[in-house]
Amino acid sequence: NRPLRVVSTREMAELVRDQFGPDASSAQRACIELEHIEGGTGRILGTTLTTQESSSKCSFEVGDVLYGRLRPYLRKFACPSFAGVCSSEILVLRPREGVITTDWLLGLVQTEVFARAAAITSGSKMPRADWRTLGGTSGFLPEIDEQQRIGELMRGMDRELEHLISLSEHVEV
């Protein structure tokens, strides 16, 4: 058994700041706003199109993890299966290749340690998590092959949970 390393979030993930402007020459892309992410579950409830938006957005790629920085106590996080854009109120975190898997990073942003760091906010009416604080949080990091094995198990459990939820929606009580 190899020992777990304790590594800062900044060492595991990069904050992506690729901007996508609402100009007419931009190609139409799927857009995730905060209201499209279900709090605490990571489920994406819908999208809009960039042609229907008028503000600048942040681009994300498959494999990036999204984390809602506005009102972080709502615990809005997601890992889209498509590339697109999102609200500037959502942090786009890209796993550092060879250091952390997307699944492990997604699990990390769901931890209580990350939630407590996100709760250290600026703004009273519209509290926002700060990357300087979040990037300084630390987490356990097994070797990449172990992260991949654990990620496969977690995805299997997530699929089973989604299946059970779907079945339960068809049962009358």
Side-chain angles (χ1 to χ4, degrees), residues 7-111 113-115 117-137 139 141 144 147-148 151 154-155 158-159 162:
V7 181
S8 75
T9 303
R10 190 175 290 105
E11 294 172 274
M12 293 185 243
E14 164 191 6
L15 177 64
V16 177
R17 299 172 196 234
D18 298 339
Q19 295 294 305
F20 183 88
D23 60 28
S25 65
S26 298
Q28 179 174 290
R29 295 179 74 183
C31 177
I32 297 176
E33 298 289 342
L34 279 170
E35 63 265 20
H36 296 132
I37 301 173
E38 185 175 60
T41 69
R43 290 189 345 179
I44 297 172
L45 305 173
T47 61
T48 188
L49 295 174
T50 52
T51 53
Q52 299 171 329
E53 299 292 326
S54 60
S55 60
S56 290
K57 304 294 178 192
C58 298
S59 295
F60 63 84
E61 301 298 327
V62 173
D64 289 346
V65 172
L66 308 181
Y67 189 81
R69 65 185 284 265
L70 178 65
R71 297 186 185 102
Y73 56 84
L74 295 175
R75 297 182 100 155
K76 293 196 172 199
F77 52 83
C79 184
S81 60
F82 56 90
V85 299
C86 62
S87 164
S88 60
E89 297 295 352
I90 297 173
L91 298 174
V92 178
L93 306 176
R94 184 163 293 151
R96 294 197 187 275
E97 193 172 333
V99 176
I100 190 169
T101 64
T102 297
D103 292 326
W104 200 264
L105 181 58
L106 182 62
L108 177 71
V109 302
Q110 296 176 58
T111 64
V113 170
F114 200 84
I120 301 170
T121 59
S122 60
S124 55
K125 289 186 179 187
M126 303 286 272
R128 287 176 172 81
D130 179 57
W131 174 245
R132 288 181 301 255
T133 303
L134 291 173
T137 61
L141 191 64
I144 199 89
Q147 292 176 48
Q148 290 166 338
M154 298 302 287
R155 280 192 306 280
D158 284 345
R159 283 191 299 273
E162 283 294 322

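Salt-bridge check for Glu14 with Arg94: failed, with every basic side-chain N at 4.0 Å or more from each acidic carboxylate O. With salt bridges taken as basic N to acidic carboxylate O contacts below 4.0 Å, none links Glu11 and Arg96.
The minimum heavy-atom distance between Ala115 and Tyr67, with the atom names listed, is CA-OH, 4.5 Å. Taking each heavy atom of Glu61 and Ala83 in turn, the nearest pair found is OE1-CB, 3.7 Å. What you find for Pro127 and Tyr73 is that their closest heavy atoms are CG-CE2, 4.0 Å. Taking each heavy atom of Trp131 and Ala13 in turn, the nearest pair found is CZ2-O, 3.9 Å. Across every non-hydrogen atom of Trp104 and Leu141, the tightest pair is CD1-CD1, 3.8 Å. Nearest heavy-atom pair, Ala117 versus Thr133, reported as atom, atom and distance to 0.1 Å: O-CG2, 3.6 Å.
In this structure, the side chain of Ser8 does not engage the main chain of Thr137 through any donor-acceptor pair within 3.5 Å. A side-chain donor-acceptor contact under 3.5 Å links Thr102 to the backbone of Gly63. Between the side chain of Arg71 and the backbone N or O of Lys76, no donor-acceptor pair lies under 3.5 Å. Checking side-chain atoms of Gln147 against main-chain N and O of Val99 turns up a donor-acceptor pair under 3.5 Å. A distance-only check finds a donor-acceptor pair linking the side chain of Thr50 to the backbone of Arg29 [under 3.5 Å]. At least one donor-acceptor pair closer than 3.5 Å links the side chain of Gln110 to the backbone N or O of Leu106.
With a 4.5 Å cut-off on side-chain heavy atoms, Leu45 and Ile37 do not count as touching. Between Val109 and Val65 the shortest side-chain heavy-atom distance falls below 4.5 Å. Annotation: side chain of Arg69 is not in contact with side chain of Ile90 (no heavy-atom distance under 4.5 Å). Under the 4.5 Å side-chain criterion, counting only non-hydrogen atoms from C-beta, Gln19 is in contact with Cys58. Side-chain contact between Lys57 and Ser59 is absent, with no heavy-atom pair separated by less than 4.5 Å. By the 4.5 Å heavy-atom criterion applied to side chains, Leu91 and Leu134 are counted as neighbours. No side-chain heavy atom of Ile32 sits less than 4.5 Å from a side-chain heavy atom of Ser87. Contact of the Phe77 side chain with the Phe114 side chain is not registered, since no non-hydrogen atoms from C-beta on lie closer than 4.5 Å.
Distance check: Ile144 CD1 to Thr101 OG1 gives 5.5 Å after rounding to the nearest 0.5 Å. The distance from the CG atom of Asp64 to the SG atom of Cys79 is 8.0 Å, given to the nearest 0.5 Å. Going from atom CD1 of Ile44 over to atom CG of Leu66 covers 6.5 Å, rounded to the nearest 0.5 Å. Once rounded to the nearest 0.5 Å, the distance linking CZ of Arg43 with CD of Glu162 reads 5.5 Å.
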* Phe20/Phe60 under side-chain contact (heavy atoms from CB on, under 4.5 Å): CA gap, chis, key distance, verdict -> CA-CA 10 Å; Phe20 183 88; Phe60 63 84; over 6 Å; no

* Derivation of the side-chain contact (heavy atoms from CB on, under 4.5 Å) call for Thr9 and Leu108 -> CA-CA 9 Å; Thr9 303; Leu108 177 71; 3.9 Å; yes

